[in-house]
Every structure is written in C-alpha cells, then in structure tokens.
Number of protein chains: 2
Amino acid sequence: MYDWHFDDLTPGMRFESLGKTLSEAEIIDFAFQYDPQPFHIDKAHAEAGPYGGIIASGVQTIGTAIRMMVQARVFAPEIVLGSPGVEELRWVQPVRPGDTIRSTGELLEVRASQSKPERGIVRYRMDVLNQRDEVVMTMTSTTFVRREPAATGGAA
Amino acid sequence: MYDWHFDDLTPGMRFESLGKTLSEAEIIDFAFQYDPQPFHIDKAHAEAGPYGGIIASGVQTIGTAIRMMVQARVFAPEIVLGSPGVEELRWVQPVRPGDTIRSTGELLEVRASQSKPERGIVRYRMDVLNQRDEVVMTMTSTTFVRREPAATGGAA
C-alpha cells in the first residue's frame, strides 16, 4: 500500500505491485471476448503461427498491469480522477500461459493543472515484468489526481 | 468483411465496424477484474465523483474496439502477426452504460519490413465513435502482416 496523495508526489518515486500468474484458460477467455485473433484463442493455429503457441492479448496485459497497480494503491483511490490517455505503449515480448507479470513504475512529472487548480497532473512510466524480470510491456501515461482531500466520495 | 491482404493495402483506405452497446453490468464486471477504480465499479461513489456516474474503463474501450475491428475482418485473419505497440492513445470522452461504440479507422502507412522480407508493416489510426458519432477514443498503432499467403496456419 502506497496510498500516495498529491502532496507526497515527486518525480523519481518508484512503485512495484504484487504479481499475477495468467492461465491458458483466462488468456483464451479474455481474448475470445476482447481480441479474438487466432494466436490468442486457437492452440493449433497458435502453435503453427508466429509465436509458436498461445500468447496473451496485449489488452489483457494492460488491464492486468493496471489492476495490480490499483490493488497496490499507488495513488490513494479517493484522489484518482481518470486518465486522458497514453503517450506510448510497447509490447516488448509475449506473455505466455503460466507467466507471472507485475507492474513496476516511476513518476516522471508532477504538476498542478493551470486551468483546474484543484487538479494535479502526474506523468508516469510503467514497466510490466515477467517472472524472469524481463520487460514484457512499457507504457507512459498520465493520470489526473485531486490536490485536496476529497470532499465527496469515501475511500475505496 | 474487408479481408484485406498485404497487396490490397494503400494509405487512405478506411474501415468501419458494427457497433456494440455496453451495459452497466458488463462495465462494472470488466473493471472489477481489470481496472477496479471507484468511478468504474461503485455507483454511489461514481455519482458523487468527477464523471457524475459509472464510466467504462478505457481498457474495455480498447478491447471492445479491437474486437469489433477483428470481427469486421479489416485484415484477413491469416495475415495478422501481432502488434509492437501503440504510438498514442487518447480517451477523449467517457463511455457510459448504454452507449454504443464502434471502430472506424484509416490506414496511414504501408511498407515492407527491411529486416524480414516476408513481413509488412501497417500503421493505422482508429477512432472509436459513440451512437452520437462523437469520438470517445483515438489510437494510432502498428500491425505486422504477412506479405504472402500463409504457408502454415489456416484461416480463422
């Protein structure tokens, strides 16, 4: 639990989540609903294909990494106001059934919004690592956070 | 069904998928597993929060848009070799329960790989629209495709 609030945040602060092992079944289930390409959902096709076997949808890697970051409470849940987007995202190497991934990251920039004084803007880099500490995904993103303790809405 | 192969591809070609209506239940279910932030999963908190109600995880918007693009068979399934990443992704406005989203897009760049002659590289822009034709998400991404009919691995 980090539970960082805006006044705690400084560029260079680092975080790391717990890990999650992805089963073949959940990789196929997720991709069947959200990214139904043959190398994610069809074992025989995947084995004959470019990756030599089933690999996880990159969208599932994003979601798993974000959940692990949310569960680590990197930012206190009551300050997070959503994200305008992602600057760059790279799928560096495949995530395969049985792999365990975790989120690590570093704050790059912390500033107050010019237009909305109650809002802070945090740029961060996330590196998703596997059980061999190899980078499988990198992402640079921005999150909006409240600068004051929330007046409405309790903590999660 | 577009079922484009490499030799068909030219910058400026456009595609559009069918639409998908997102229910409140599936928005909450997805986010509970992959992006469990209060404004995605807790109605009372979301109503008092920055968006005035539950909004879909941006990760679910990505996945839904990709599935709709895969189902439209923009690229023939047997030529797709995966993606190295995303250049830029913006969540322009919230997706709310009951909204219907669809993928539209345009090919930006089509070229042969220098290092792997059997591979083509396609840059494209995707705009995800809602039922009012408002842009909810934009993404610029790259996909690798086979340049020849697949020797192994059948069509999906």
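In the text below, chain A, chain B and the rest are named by the order of the sequence lines, each starting its count at 1.
Linking ILVMFWY residues whenever their side-chain heavy atoms come closer than 4.5 Å, directly or via other members, leaves V92(A) and L89(A) in distinct clusters. Residues V95(A) and V135(A) do not share a hydrophobic cluster, defined by chaining ILVMFWY side chains whose heavy atoms lie under 4.5 Å apart. Residues V136(A) and Y51(A) are members of one and the same hydrophobic cluster, defined by side-chain heavy-atom contacts under 4.5 angstrom among Ile, Leu, Val, Met, Phe, Trp and Tyr.
We find the CD-CD distance between E87(A) and E87(B) to be 12.5 Å, quoted to the nearest 0.5 Å. Within the model, atoms CZ of R90(A) and OG1 of T142(B) stand 7.5 Å from one another, a figure rounded to the nearest 0.5 Å. To the nearest 0.5 Å, atom OH of residue Y34(A) and atom OH of residue Y34(B) are 9.5 Å apart.
Of the atoms belonging to F144(A), not a single heavy atom falls under 4.5 Å from chain B. With a 4.5 angstrom heavy-atom cutoff, E47(B) does not touch chain A via any of its atoms.
Under the 4.5 Å side-chain criterion, counting only non-hydrogen atoms from C-beta, P38(B) is not in contact with E78(A). Under the 4.5 Å side-chain criterion, counting only non-hydrogen atoms from C-beta, W91(B) is not in contact with P84(A). Within the 4.5 Å cutoff, no side-chain heavy atoms of F39(B) are placed close to those of L81(A).
At a heavy-atom separation below 4.5 angstrom, chain B is approached by V59(A), Q60(A), I62(A), G63(A), T64(A), I66(A), R67(A), V70(A) within residues 53-70 of chain A. Within residues 96-128 of chain A, no residue has any heavy atom closer than 4.5 Å to a heavy atom of chain B.
Most heavy-atom pairs under 4.5 Å with chain A: of the set T140(B), I41(B), V80(B), this distinction falls to V80(B). Contact count against chain B (heavy-atom pairs under 4.5 Å) is highest for E88(A) among E88(A), M139(A), Q93(A), M137(A).
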